[in-house]
A.B. asks: 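One structure is given below, represented as structure tokens, and several questions about it will come after.
Numbering of ligands and ligand atoms starts at 1, following listing order. The structure displayed is predicted, hence computed values, not measured ones.
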Amino acid sequence: MSYLTYCTTALIISISLFYIYAKYKLSYWKRRGVKTPPTHLLFGNFKDCLTLKKPPGEVMRDIYNSADPDDPYIGFYIFHKPMLLLRDHNLIKQIMITDFDIFPNRRFGSRNERDSIGMDSILSIKQPRWRYLRSKLTPFLTGQKLKNMLPLIEECGKLMLKFIQNLQMSDHNKCEMKDFSSRYVSDVIASIAFGINTNSFDEKKNAFWKNGMKIFQGIKRAITFIIIFFIPEWCPLTEPFIKEPAKYFREIFWDSMNTREKMGYKRGDLMDSMLTLKNGKQNPIYKFEGDNLVAQLSSFYIAGFEAVSNVIAFALYHLACHPEYQTIVYDEIQTHLTGKELTVDLINEMSFLDCVIFETLRLHPPLPIIDRTAVRDYELPGTGLILEKDSSIYVSINATNQDSKYFINPHDFNLSRLDQIEDKKFYESLAFGIGPRSCIGQRLSMLIMKVALITILLNYTLYYDTDKKMSLNGNDAIHVFTYAADGLHVQFKKRCNMHE
Ligand code: HEM
């Protein structure tokens with residue numbers, strides 16, 4: 001046999017073997033009687049995400065929509081790995097809440113032994129260490145702790161207001177909302193988590209913000225996040241992109257922690273709580289020392305920074321497009337605050353403001369996908385389907401919360417729909433995840449978002465830039481987090497009576 005014939009035969013055999021292997025792997029759901037959308041031989045159902053054509057949130061929405069309206073779930077594959085996307089509200093609650101003990105872990109997360117910050121953060125850690133860690137971090141965010149943090153957040157609100165005032169003076173009264181809100185949120189997190197005062201609106205004092213943006217921006221970072229979320233087995237490949245942010249967080253953290261310890265002062269922030277844990281009695285299950293300390297505040301930063309700034313940006317944009325809602329929310333804020341100081345209790349009474357945020361979260365959940373992995377075989381109630389140990393289930397937050405089965409004109413920003421929704425509590429909280437492992441920062445983020453909206457709306461009216469109106473559907477940037485690809489452009493106009 002000639003060399004060429006030999007190579008051709010080997011190639012044909014390899015391709016045939018791969019074909020048989022792939023076909024068998026991709027028949028996993030069919031063999032169990034579960035529907036799937038049409039599947040690609042190599043990429044499974046994630047081709048558009050893995051080739052960077054569509055953000056994963058949109059790919060998952062397509063999978064969700066390819067099922068029939070009443071299907072409780074649909075199967076899909078990432079490469080050849082089978083996953084199940086849940087669609088039915090009761091099934092989602094059953095798995096994420098009632099049967100949490102069988103689904104306590106995420107598939108998402110660092111698997112790189114050399115990335116101690118990623119591996120041991122609350123975002124990636126597995127049971128039983130997770131439950132212990134969560135029980136130690138929950139007291140960081142009690143009602144009283146949030147009250148202590150309010151003045152620190154308000155300080156950052158003042159810097160933001162000053163920036164808008166300067167915009168007005170320069171006759172350039174419009175800006176891109178995500179860029180704008182990310183500066184405010186960066187200042188807030190620098191202050192309440194790392195205990196440092198920054199001013200991200202000032203080009204000379206915005207290193208913290210710039211470093212934060214570097215973690216999320218750019219195609220390499222987008223790919224890193226896609227790997228961490230959907231192909232965590234590949235995490236070691238992301239090491240070059242993780243090293244630099246990890247080094248930065250370590251420096252910031254230890255600078256602040258060492259100063260705090262030396263000077264012995266308290267600020268009422270998360271660093272105070274971390275110091276108490278560090279100096280408290282240690283349990284071998286999880287010791288609060290070294291990178292374990294850095295990991296928690298860094299994960300608060302990673303989880304909070306993009307999410308909170310995106311919601312503020314989208315909320316401001318929608319209010320700019322809906323002057324009728326702006327008037328109602330302004331009146332509500334005025335009524336509560338006239339002659340009074342801003343307090344957490346007063347903020348919590350502003351129910352229309354809540355509606356603005358929940359409707360924004362329904363349309364633009366910053367993290368559109370959540371997942372869990374089974375620690376043992378599990379029979380899905382009422383279906384007879386057995387999920388094998390280590391298989392993963394997903395919930396598409398955006399598709400579930402914009403399903404036309406539950407919402408009329410689901411893509412419209414409509415604040416009057418809220419009274420008519422049956423499962424209101426489920427939909428209001430879904431953007432923060434569900435069950436014992438849902439977002440630990442929900443109340444904190446509501447506070448940060450509300451302070452921003454109150455501060456701006458009391459002093460300015462918002463208009464959208466007619467030249468740069470966002471197309472509301474299918475215009476997301478390629479990233480795990482939800483972004484408006486072309487930005488959100490809003491104009492500020494000063495109100496007659498300013499409340500600085
Ligand atoms: C609008 C703002 C935010 C949204 C929409 C949001 C959303 C989410 C979602 C969807 C999850 C996954 C939940 C699940 O798997 O069921 C999550 C987890 C988490 N979030 Fe948030 N988040 C926000 C802000 C914050 C902030 C400000 C912090 C900082 C304290 C934070 C810290 C965390 C942490 C630590 C987890 C992991 C919890 C655990 O595994 O026990 N988030 N968040």
A.B. asks: Mind running salt bridge (Lys or Arg N to Asp or Glu O under 4.0 Å) on Arg183 and Asp179 for me, showing each step along the way?
C.D. replies: CA-CA 7 Å; Arg183 292 172 194 258; Asp179 177 88; 3.0 Å; yes
A.B. asks: Report the relative orientation of the aromatic rings in Phe288 and Tyr132; use parallel for angles under 30°, tilted for 30 to 60°, perpendicular for over 60°.
C.D. replies: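 Taking Tyr132 first and then Phe288, their aromatic rings sit tilted (interplane angle of 30° to 60°).
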A.B. asks: Ile122 versus ligand 1: do any nitrogen or oxygen atoms come within less than 3.5 Å of each other?
C.D. replies: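 It does: an N or O of Ile122 is found under 3.5 Å from an N or O of ligand 1.
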A.B. asks: Go through the steps for Asp120 and Arg129 under the test salt bridge (Lys or Arg N to Asp or Glu O under 4.0 Å), then give the verdict.
C.D. replies: CA-CA 9 Å; Asp120 282 334; Arg129 296 175 80 215; 3.2 Å; yes
A.B. asks: What I'd like to find out is whether the side chain of Arg107 reaches to under 4.5 Å of the side chain of Arg372, using heavy atoms alone.
C.D. replies: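 No, every pair of side-chain atoms sits at 4.5 Å or beyond.
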A.B. asks: Going by heavy atoms, is Pro366 under 4.0 Å from ligand 1?
C.D. replies: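 Flag set, Pro366 near ligand 1.
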A.B. asks: Testing Arg260, Lys278, Lys266 for salt bridge (charged side-chain N to carboxylate O under 4.0 Å, His left out) with Asp272, which one passes?
C.D. replies: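 Checked Arg260, Lys278, Lys266 against Asp272; only one passes salt bridge (charged side-chain N to carboxylate O under 4.0 Å, His left out): Arg260.
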A.B. asks: Looking at ligand 1, does Phe140 have a heavy atom less than 4.0 Å from it?
C.D. replies: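 It does not; every heavy atom stays at 4.0 Å or beyond.
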A.B. asks: Just by distance, no angles: are the side chains of Trp209 and Ser182 close enough, under 3.5 Å, to form a donor-acceptor pair?
C.D. replies: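 A pair is found: one side chain offers a donor N or O, the other an acceptor, under 3.5 Å apart.
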A.B. asks: Does Arg372 reach ligand 1 with a nitrogen or oxygen that is under 3.5 Å from one of the ligand's nitrogen or oxygen atoms?
C.D. replies: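 So ligand 1 has an N or O lying under 3.5 Å from an N or O of Arg372.
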A.B. asks: Side chains of Thr373 and Asp371: any donor to acceptor distance under 3.5 Å?
C.D. replies: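 No, no side-chain donor-acceptor contact under 3.5 Å.
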A.B. asks: Would you mind telling me if ligand 1 is within reach of the side chain of Ile448, the backbone, both or neither, using heavy atoms under 4.0 Å?
C.D. replies: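 None of Ile448 does.
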A.B. asks: Enumerate the atoms of ligand 1 whose separation from the nearest heavy atom of Ser438 is less than 4.0 angstrom.
C.D. replies: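 Once the distances to Ser438 are compared, the set is 13 (C), 16 (O), 38 (C).
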A.B. asks: Which ligand 1 atoms are under 4.0 Å away from a heavy-atom of Ser445?
C.D. replies: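 Within the 4.0 Å cut-off of Ser445, ligand 1 contributes 2 (C), 24 (C), 27 (C).
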A.B. asks: Do any nitrogen or oxygen atoms of Ile370 lie less than 3.5 angstrom from nitrogen or oxygen atoms of ligand 1?
C.D. replies: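 No, Ile370 has no N/O under 3.5 Å of an N/O on ligand 1.
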A.B. asks: Could you check whether the rings of Phe481 and Phe229 sit parallel, tilted or perpendicular, using 30° and 60° as the cut-offs?
C.D. replies: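 Correct class here is perpendicular.
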A.B. asks: At what distance is the nearest protein heavy atom to atom 27 (C) of ligand 1, and which residue and atom is it?
C.D. replies: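 The closest heavy atom on the protein side is Gly304 CA, 3.6 Å.
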A.B. asks: Measure the CG-NE2 distance between Asn310 and His479 for me, rounded to the nearest 0.5 Å.
C.D. replies: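 The NE2 atom of His479 is 10.0 Å from CG of Asn310, to the nearest 0.5 Å.
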A.B. asks: Which atoms of ligand 1 sit under 4.0 Å from any heavy atom of Trp130?
C.D. replies: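 Atoms satisfying the 4.0 Å criterion: 39 (C), 40 (O), 41 (O).
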A.B. asks: Just which atoms of ligand 1 are under 4.0 Å from any heavy atom in Gly433?
C.D. replies: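 Result: 10 (C), 13 (C), 14 (C), 16 (O).
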A.B. asks: Which residue and atom name correspond to the protein heavy atom nearest atom 29 (C) of ligand 1, and how close is it?
C.D. replies: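 Atom 29 (C) of ligand 1 sits closest to the protein heavy atom Phe300 O, 3.7 Å.
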A.B. asks: Can you tell me which residue and heavy atom of the protein come closest to atom 43 (N) of ligand 1, and the distance to 0.1 Å?
C.D. replies: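 Minimum-distance protein heavy atom for atom 43 (N) of ligand 1 reads Cys439 CB, 3.2 Å.
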A.B. asks: Less than 4.0 Å is my threshold; does some heavy atom of Arg106 fall inside it relative to ligand 1?
C.D. replies: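 Distance cut 4.0 Å: Arg106 passes for ligand 1.
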A.B. asks: Starting from atom 7 (C) of ligand 1, find the nearest protein heavy-atom neighbour and note its residue, name and distance.
C.D. replies: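 That would be Ala431 O, 3.4 Å.
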A.B. asks: Quick one: are Leu361 and Leu430 in side-chain contact, heavy atoms under 4.5 Å?
C.D. replies: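 Not in contact.
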A.B. asks: Heavy-atom distances under 4.0 Å are what count here, so tell me which part of Met449 touches ligand 1: side chain, backbone, both or neither.
C.D. replies: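 Just the side chain.
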A.B. asks: Specify the protein heavy atom at minimum distance from atom 38 (C) of ligand 1: its residue, its atom name, and the distance to 0.1 Å.
C.D. replies: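 Checking every protein heavy atom, the shortest distance to atom 38 (C) of ligand 1 gives Arg134 NH1, 3.4 Å.
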A.B. asks: Under 6.0 Å between the ring centres of His89 and Tyr406?
C.D. replies: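 Yes, close enough.
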A.B. asks: One pair to check against salt bridge (Lys or Arg N to Asp or Glu O under 4.0 Å): Asp269 and Arg267. What are the steps and the verdict?
C.D. replies: CA-CA 5 Å; Asp269 57 14; Arg267 263 178 108 240; 2.9 Å; yes
A.B. asks: Can you tell which of Phe241, Phe305, Tyr301 makes a ring-ring contact (aromatic ring centres under 6.0 Å, His included) with Phe216?
C.D. replies: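 Filter result, single survivor: Phe305.
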A.B. asks: Do me a favour and list the nearest non-hydrogen protein atom to atom 33 (C) of ligand 1 with residue, atom name and distance?
C.D. replies: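 Answer, as residue, atom name and distance: Ala303 CB, 3.5 Å.
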A.B. asks: Which bit of Arg437 is near ligand 1, meaning a heavy atom under 4.0 Å away: side chain, backbone, both or neither?
C.D. replies: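 The answer is both, backbone and side chain.
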A.B. asks: Is there a salt bridge (Lys or Arg N to Asp or Glu O under 4.0 Å) between Lys424 and Glu428? Walk through the geometry before answering.
C.D. replies: CA-CA 6 Å; Lys424 189 164 175 253; Glu428 283 182 347; 3.5 Å; yes
A.B. asks: Considering only the protein, which heavy-atom contact is closest to atom 36 (C) of ligand 1, and what is its distance?
C.D. replies: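 For this ligand atom, the closest protein heavy atom is Leu123 CD2, 3.6 Å.
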A.B. asks: Please identify which atoms of ligand 1 are closer than 4.0 Å to at least one heavy atom of Val311.
C.D. replies: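 Checking each atom against Val311, I get 1 (C).
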A.B. asks: For atom 11 (C) of ligand 1, what's the nearest protein heavy-atom neighbour? Residue, atom name and distance, please.
C.D. replies: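 Looking at atom 11 (C) of ligand 1, the protein heavy atom closest to it is Phe432 O, 4.0 Å.
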A.B. asks: Provide the number and element of each atom of ligand 1 under 4.0 Å from a heavy atom of Ile434.
C.D. replies: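 Answer for ligand 1: 16 (O).
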A.B. asks: Using a 4.0 Å cut-off to any heavy atom of Ile440, which atoms of ligand 1 qualify?
C.D. replies: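 Under 4.0 Å from Ile440, ligand 1 has these atoms: 32 (C), 33 (C), 34 (C), 35 (C).
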